[in-house]
Amino acid sequence: DVSFTTGVEKLYCFTKIKSEQEEGTIFHVWLYNDRVMAKIELPVKGKSWRTWSVKTIMPENVGKRRVDVESPEGTLITSKEFEIK
């Protein structure tokens, strides 16, 4: 979804990776008002792999948020914007 209430408590980011490599790493970068709040390293252990991360949402942190999925080199793979109201 793209909009959540302050009572949401936790949000999850699920990512499906398809790659030519058997193993690797990606990062979920959680941002609040364009400031990095968490950068979570996630292993990729197959050419087709699903992984996830979770972020606790504090009720006072209303506003725009984003999760970037990045390669180990920092290349942006995809991004998802959402808002806490």
Side-chain angles (χ1 to χ4, degrees):
D1 208 349
V2 295
S3 182
F4 302 92
T5 64
T6 56
V8 70
E9 295 184 14
K10 293 184 180 190
L11 288 176
Y12 295 80
C13 177
F14 292 90
T15 303
K16 182 177 180 181
I17 300 291
K18 290 192 175 207
S19 173
E20 294 298 317
Q21 299 176 354
E22 285 291 332
E23 292 192 12
T25 302
I26 63 167
F27 290 88
H28 282 176
V29 183
W30 291 82
L31 299 104
Y32 171 56
N33 290 330
D34 291 323
R35 196 174 104 221
V36 174
M37 302 303 288
K39 185 171 184 175
I40 302 165
E41 183 175 3
L42 300 164
V44 176
K45 297 184 178 185
K47 290 185 177 183
S48 181
W49 191 258
R50 292 185 177 132
T51 190
W52 59 275
S53 68
V54 62
K55 181 76 176 99
T56 300
I57 306 298
M58 304 306 289
E60 63 271 13
N61 293 140
V62 298
K64 295 187 181 202
R65 293 180 171 264
R66 184 174 84 235
V67 180
D68 291 344
V69 179
E70 295 181 352
S71 72
E73 299 77 31
T75 303
L76 181 65
I77 298 169
T78 191
S79 187
K80 178 69 175 181
E81 293 184 3
F82 57 96
E83 187 173 9
I84 305 296
K85 296 183 178 181

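- Contact check for I84 versus V8: side-chain heavy atoms found under the 4.5 Å cut-off.
- Between V62 and P59 the shortest heavy-atom distance is CG1-O, 3.7 Å.
- With F82 as the aromatic partner, R65 does not meet the cation-pi criteria of under 6.0 angstrom to the ring centre and within 45 degrees of the ring axis.
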Worksheet entry | From CA spacing to verdict: salt bridge (Lys or Arg N to Asp or Glu O under 4.0 Å), D34, R66 | CA-CA 8 Å; D34 291 323; R66 184 174 84 235; 2.9 Å; yes
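- Separation of atoms CD1 (I26) and CD1 (I17) is listed at 4.0 Å; rounding is to 0.5 Å.
- Cluster membership for L42 and W30, using ILVMFWY side-chain heavy atoms within less than 4.5 angstrom, is shared.
- Cluster membership for V36 and F27, using ILVMFWY side-chain heavy atoms within less than 4.5 angstrom, is shared.
- For the atom pair NE2 of H28 and CD of E41, the computed distance is 12.0 Å after rounding to the nearest 0.5 Å.
- Rounding to the nearest 0.5 angstrom, the gap separating the CG atom in L11 from the NZ atom in K55 is 10.0 Å.
- The hydrophobic clustering, which links ILVMFWY residues whose side-chain heavy atoms are closer than 4.5 Å, places Y32 and V69 apart.
- Here the closest heavy-atom approach between residue E70 and residue K39 is recorded as OE1-NZ, 3.8 Å.
- I77 and I40 fall within a single hydrophobic cluster, where Ile, Leu, Val, Met, Phe, Trp and Tyr are joined by side-chain heavy atoms under 4.5 Å apart, directly or via other members.
- Counting only N and O atoms by type, the side chains of S71 and E73 include a donor and acceptor under 3.5 Å apart.
- Atom CD1 in I57 sits 9.0 Å away from atom CE in M37 (nearest 0.5 Å).
- Annotation: the span from T51 atom OG1 to K16 atom NZ amounts to 13.5 Å, rounded to 0.5 Å.
- Heavy-atom contacts from other residues, nucleotides or ligands closer than 6.0 Å to CD of E60 number more than 12.
- T15 contributes atom OG1, which lies 11.5 Å from atom CZ of R50 (distance to the nearest 0.5 angstrom).
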